[in-house]
Amino acid sequence: MRALVPKLLTGCFLLPLAAALSPLLHAQTPPEDGPPNVLVIHREYLKPGKGGMLHDRSESAFVQALGEAKSPFHYFAMDSLSGVSRTLFFFAYDSFADWEKENAAIGSNKALAAKMDHATLMDGDLLSSYDAAAMTLRPDLSLNKGSIDGARYFEITTFVVKPGHMHDFTEVAKMYIEAYRKVAPDTHWDTFEVMYGNPLPTAAGGGIFLVMNLMKSLAETDKSIRDSDKFAAEVGAAGMQKISELTAASVEATSTNLFAINPRISSPPAEWVKKDPGFWKAQ
């Protein structure tokens, strides 16, 4: 996870027009049941054969250092189940100013900073590359709120929007929101717009958006497939044609991947552990 200094998002982000993102964790204050205003994601790409328990042991040094320092800062990690081997680390804040305060606080604690630097050096031997990104919540492109309680998986879809076609993209996104409110009102997703860092560096476009679907089990993927059929029936042939045209006009690139939350290399707040100790205390 390298140091807790700016490591920005990495993952793929595509609006799975049927999926949903869920609440993330607030870094300094007790987490609320909803997404943060600012989300920072650090992405580590692992060398072949350097994942699994080998990477878990390396990352545990960060968790241990924060615990010994009684740090008020928290994050959680996810390992890829699709695509290239990588681990994502999620950090959530109320504002960019809060992100800056966290970095300053860690840097001013010399003992903690030294431990983090050492852990970063050891962890770096396992990585083929690393990148990061920061983004802000787009409530207007989100639907309902999920819950971290009992969550085990994240489906992350990335959209790269063509320059000059933001209006088309937001229009099709809102068509999905309106229809899903009718056919599957329990559906939830949160959308973030990237401000710094590019989750798909090979794609040159306009805005970049992430849509995340937090799931308790993969059976929810089966349900989303059934719900997509209901969605198509709700909007009808004309609506599906319009969605196809708007998508072709506005989306330059997309990518969807599945991740499993890894509690062994996460530093969750006490409230999360209290609600689900069997999961978050897993070693």
Side-chain angles (χ1 to χ4, degrees), residues 1-11 24-28 30-31 39-93 99 102-103 105-132 148-154 156 214 257-283:
M1 177 207 74
R2 324 278 294 206
L4 276 183
V5 290
K7 260 185 168 177
L8 307 169
L9 140 65
T10 75
L24 303 173
L25 115 96
H26 283 76
Q28 296 178 334
L39 173 63
V40 175
I41 304 178
H42 300 171
R43 183 170 58 184
E44 293 185 350
Y45 292 93
L46 302 172
K47 295 177 181 178
K50 300 299 184 180
M53 293 307 298
L54 186 63
H55 188 229
D56 283 4
R57 286 194 294 271
S58 175
E59 289 296 336
S60 66
F62 293 99
V63 177
Q64 182 177 351
L66 291 172
E68 292 174 348
K70 300 186 184 304
S71 171
F73 308 118
H74 303 283
Y75 62 90
F76 69 92
M78 296 182 288
D79 294 324
S80 61
L81 296 180
S82 65
V84 297
S85 179
R86 62 207 184 281
T87 298
L88 309 187
F89 297 88
F90 277 42
F91 304 83
Y93 308 92
W99 181 25
E102 177 181 303
N103 291 328
I106 293 175
S108 65
N109 185 329
K110 294 184 179 180
L112 175 58
K115 290 181 179 180
M116 300 298 277
D117 287 344
H118 179 72
T120 297
L121 182 63
M122 297 299 100
D123 192 47
D125 290 338
L126 308 179
L127 309 182
S128 60
S129 66
Y130 152 82
D131 62 15
I148 195 67
D149 292 345
R152 299 293 183 265
Y153 303 96
F154 267 69
I156 303 179
L214 184 136
N257 281 284
L258 183 66
F259 299 84
I261 298 175
N262 187 340
R264 296 182 298 277
I265 58 175
S266 299
S267 180
E271 291 81 0
W272 290 20
V273 178
K274 183 177 180 180
K275 288 182 178 180
D276 197 357
F279 178 70
W280 290 110
K281 288 186 176 181
Q283 299 296 327

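Reckoned from all heavy atoms, side chains included, excluding hydrogens, waters and symmetry mates. The structure displayed is predicted, hence computed values, not measured ones.
L46 places none of its side-chain heavy atoms less than 4.5 Å from the side chain of L54. In this structure, I261 and W280 have side chains that are in contact, with non-hydrogen atoms separated by less than 4.5 Å. Side-chain contact between R264 and M53 is present, with heavy atoms from C-beta onward closer than 4.5 Å. Counting heavy atoms from C-beta outward, I265 and F62 have side chains that stay 4.5 Å or more apart.
The closest donor-acceptor contact from the side chain of S267 to the backbone of V63 lies at 3.5 Å or more, if one exists at all. In terms of modelled atom types and a separation under 3.5 Å, the side chain of S58 and the main chain of H55 share no donor-acceptor contact. At least one donor-acceptor pair closer than 3.5 Å links the side chain of K47 to the backbone N or O of D125. Judged purely by atom type and a 3.5 angstrom limit, S71 uses its side chain to pair as donor or acceptor with the backbone of F73. Using modelled atom types, no side-chain atom of S82 and backbone atom of N257 make a donor-acceptor pair closer than 3.5 Å.
The aromatic rings of F76 and F154 sit tilted relative to each other, their planes meeting at an angle between 30° and 60°.
In this structure, S129 OG and R86 CZ are separated by 10.5 Å, a value rounded to the nearest 0.5 Å. Rounded to the nearest 0.5 Å, atoms CE (M116) and CG (L66) are 4.5 Å apart. To the nearest 0.5 Å, the span separating CG on D79 from CG on L258 amounts to 11.5 Å. With rounding to the nearest 0.5 angstrom, the CG atom of L39 is 10.5 Å from the CH2 atom of W99. Taking CG of D123 as the reference point, atom NZ of K50 lies at 12.0 Å (rounded to 0.5 Å). One finds the CD atom of E102 at 4.5 Å from the CD1 atom of I106 (value rounded to the nearest 0.5 Å).
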Run D276 and D149 through side chain to side chain contact (heavy atoms under 4.5 Å, CB included) and show every step you take.
CA-CA 7 Å; D276 197 357; D149 292 345; over 6 Å; no
Evaluate F91 against Y75 for ring pair (Phe, Tyr, Trp, His ring centres under 6.0 Å), listing each step before the verdict.
CA-CA 5 Å; F91 304 83; Y75 62 90; 5.3 Å; yes
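Residues S85 and S80 come closest through the heavy atom pair CA-OG, 3.6 Å. Here the closest non-hydrogen pair linking A77 and S266 is N-OG, 2.9 Å. Shortest non-hydrogen contact noted between A113 and G107 is CB-O, 4.3 Å. Here the closest heavy-atom approach between residue K274 and residue P277 is recorded as O-CD, 3.5 Å.
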